> 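Please read through the structure below; I'll follow up with questions.
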Amino acid sequence: MIMKKYSLNPVLSFFFFLSLMILFSEMGVAQNTTSSIPVNVGVVLDLASLEANIALSCINMALSDFYASHGDYKTRLVLNTRDSKKDVIGAAAAALDLIKNVEVQAILGPTTSMQANFVIDLGEKAQVPIISFSATSPSLTSIRSSYFLRATQNDSAQVNAISAIVQAFGWREAVPIYIDNEYGEGIIPYLIDALQEVDARVPYRSVISPSATDDQIVEELYRLMTMQTRVFIVHMYPSLGTRLFTKAKEIGMMSEGYVWIMTDGLSVDFLSSPNHSVTDTIQGVLGIKPYVPRTKELEYFRAQWKRKFLRDNPNKIDAELNIYGLLAYDAATALALAVEKAGTTNFGFQKANVSSNSSTDLATLGISLNGPNILRALSTTSFKGLTGDYLFVDGQLQSPAFQIVNVNGNGGRGIGFWTPTEGLVKKMNPRINKRMNSTSTSRVSTVIFPGDTTAVPKGWEIPTNEKKLKIGVPLKAGFSELVAVTKDPGSNTTTFTGFCIDVFDAVVKALPYALPYEYTPFANSDGEPAGTYNDLAYQVYLKNYDAVVGDITIVYNRSLYIDYTLPFTESGVSMIVPIVDNNSKNAWVFMKPLTWDLWVTSFLFFVFIGFVVWVLEHRINDDFRGSASDQAGTSFWFSFSTMVFAQREKVVSNLSRAVIIIWCFVVLILTQSYTASLASLLTVEQLQPTVTDVRELIKKGEYVGYQKGSFVLGLLLDLGFDKSKLMVYSSAEECHHLFSKGSGNGGIAAAFDELAFIKLILSRYCSKYTMIDPKFKTGGFGFVFPKGSPLVADISRAILNVTEGDKMKQIEGAWFGKKSTCPDSSPSISSNSLSLKSFWGLFLIAGLAALLALIIFVVMFVYRERNVLRSSDSTASIWSRIENFFRIFIQRDSTSSTFRQSDLKDRNGISLPPMCAPSPSDYSVHTEYPANRSSASYDSSPNREAPQEVV
């Protein structure tokens, strides 16, 4: 009975032991919790906003997940949340309360960049790290606080992605529309720089106040409608952005032809939790948002967060997790890791030593003892977070890729990506991206722009307040072929004609779209020109004209404030001078065909050839014998008579014949050239310019002319002309009148002008003036437009289309064809006289032939008469030997075949012909011969009788 009373039921025993296990487990957890160290951290957010509540829930989930997987960590973050109440002062007060009263080791937040600006200063003073996951303004970087860590992307990171879109679609202008506060202004300098790098201009910046009314927003939008630019980049808070797009749609600015680009702040807000009333107003808008890779961990967390957030906030069923929630999750995880790494000691604050009289909140603010350790730990912490690789570099997260979205329907459609290394890409596939151009539209999917069109807008339109472009036209008295403005007093209408006007009309017709415009003369109320060409170009800069059409030259100084199109005329500045007949028909005109060096060279060669022939012929040819004067006269007579081929002396030496054949060829070419040149000088009018060198004009102090109002004045002053020596003309007739007077009689000696004007002058007075070098290079005529005008590129392409076709020839023929009957009056100034440069080759050949024959003769002669130099009389001096040698050289060679045949004919009774009559020297008796005469010409035997002289 007793034993049965104390026996236990098996079921009850199981529950008993289970209860003990649960009890012991709870005791262990309690013991573990008791051993952990709580670390206070602050959270400063605008708790009234949905985004702040999403971020706060992500922070709580981050700490819960972190310590669930890191139960062995000794530290536990304790959140102390404060509401900044969407106010800068409220955020600063909340941070001050957390640092001073709670002594937090770090602060997560605040929400906006303006709030962060004040909180950062508090953190720097108390050495408490400030970690913001939503303050994106680049201006916060300028604070240079080491205790501020931006756990989000800097707004400046996205400007390159925006500029890449602008460049890819070929838009040349863009207008930023931003909120008038630190958040809006911070990105603008970086955005403008990025656009300028891709040759896109920012003609206007639209600033909208955070407190702007709807009427003020509409007024600003209407102002934008009156401008040419149709590409807008919007950077502001979502609340203000919603109102802006709503009003833009109401007034028709969300229609075809407009381009809207949202920065990541608007894109993330509008597309994370799509609202049909909002997305309906931004159809076709392009957006930029940070790219977060889709992973299993991210999808699991998104599902977990959705269940928890709806459980805690059942009335916010439309809430969706955004990038700022993910950044808040990773920031809380990074802070938990850093606090654990920094150690578990020194969590207190060092109190400030202040007097009781200055005991303000800021003055009594202590300094965190563990703050520097936590800051160092945060700077070295890295892990794989929900947003990707998480690492601080200089207090800033690394720039990730951005996704390009296009708003269609009730959400955003991804059309591509942008990365710092690859630029625009359609898919995140490096192997494909490397083979494509990073700025091509082929790297993004098809975009549906506002107006439900896939046609890429050109980015600009004709302003609505000025349906026609106002084109300024210069007013001038002369050169009406280029541009002329004629006013009819009866009908009070103005007519614009001229080559430049017709070219612009043809260019506009070649554009792929209609471009309405109207011409306006640049004149005063009295009908006189309102200024110079520089003044006219400056009017475009002042926006008084939309463009200028006329004979406007492309020069550097004007291009600093206006843009030119491509030139449509030949470029350059040259000089025109009078021409005169430079050949006076006097008695000495026969000397002009040859230059002095050719005359001298010819004379010397005639003498040289005569000498060579005499050397080769005088010993063997009776025609070249006689007294010294007879031999010299015969030799020179023979040489100079070759000019007219009248020589009657025969030559018997083969060397002489070779020399004479070559020399006769030289003389033939020389005489024929002389005859042709002399005939030209006597029969053709030789017109030569009066001046050929600019320096000659400056040196002589001549007067020169230039066209009134032309930039040529500056060119002449740069060349060194005295301003007092410069005279102006307004037409071709005035220029001719100044030339007619002459430089010393109130006229000019030369005129400088552009090629187009010079050709017009020469077309009227081609027989009186000529154009000579040098030509100073200029840009030619071009049309003027405002700086950065999108019309410049289209007009330039149209100019190429017109100039390369037949239309330009027709226009030139209409204005210049009737007066172009004169030949080209731009001769190359050169001498009509023949110079040695044209004949030196012939003289070289003749000289070498004669010299070679002379050398051969001398060698042969020396060899034959070598015994004279080798005399047996050792007492004979060298001079006597040379004297005997030359005496033999002067005597005739009786052993030659010529003389032997002559002697044979004499013995047979054949009389000599007159041409072969013996020379007077042959009658002289030679009875004395040198003892060492060569055996070839003298027999030294005793039996030898003296030779019989011809009687």
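Heavy-atom basis, side chains included; hydrogens, waters and symmetry copies ignored. This structure is a prediction, so every number in the text was calculated from the model and none was measured.
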> Check step by step if salt bridge (charged side-chain N to carboxylate O under 4.0 Å, His left out) holds for Glu696 and Lys699.
CA-CA 5 Å; Glu696 182 181 352; Lys699 183 178 180 181; over 6 Å; no

> Any side-chain to backbone donor/acceptor pair from Ser574 onto Ile772? Under 3.5 Å, distance only.
yes

> Any side-chain heavy-atom pair from Val555 and Tyr564 closer than 4.5 angstrom?
yes

> Side chains of Asp502 and Trp815: does their closest heavy-atom pair fall under 4.5 Å?
yes

> Just do the salt bridge (charged side-chain N to carboxylate O under 4.0 Å, His left out) check on Lys247 and Glu250 with the steps written out, would you?
CA-CA 5 Å; Lys247 295 303 176 181; Glu250 290 178 359; 3.4 Å; yes

> Do the side chains of Val285 and Ile261 get nearer than 4.5 Å, heavy atoms only?
no

> Which one of Glu173, Glu461, Arg201 satisfies the side-chain hydrogen bond (donor to acceptor under 3.5 Å, both in side chains) criterion with Thr229?
Glu173

> Relative to the ring of Tyr545, is the ring of Phe522 parallel (under 30°), tilted (30 to 60°) or perpendicular (over 60°)?
perpendicular

> Can you tell me which residue pairs pass the salt bridge (charged side-chain N to carboxylate O under 4.0 Å, His left out) test with a partner in residues 553-566, sequence neighbours excluded?
Asp563-Lys787

> Phe781 and side chain to side chain contact (heavy atoms under 4.5 Å, CB included): which single residue from Ile552, Val483, Thr569 fits?
Thr569

> Indicate yes or no for a side-chain donor-acceptor contact from Thr565 to the backbone of Gly782 under 3.5 Å, with no hydrogens or angles considered.
no

> In Å, rounded to the nearest 0.5 Å, how long is the span from CZ of Phe783 to CG of Leu791?
12.5 Å

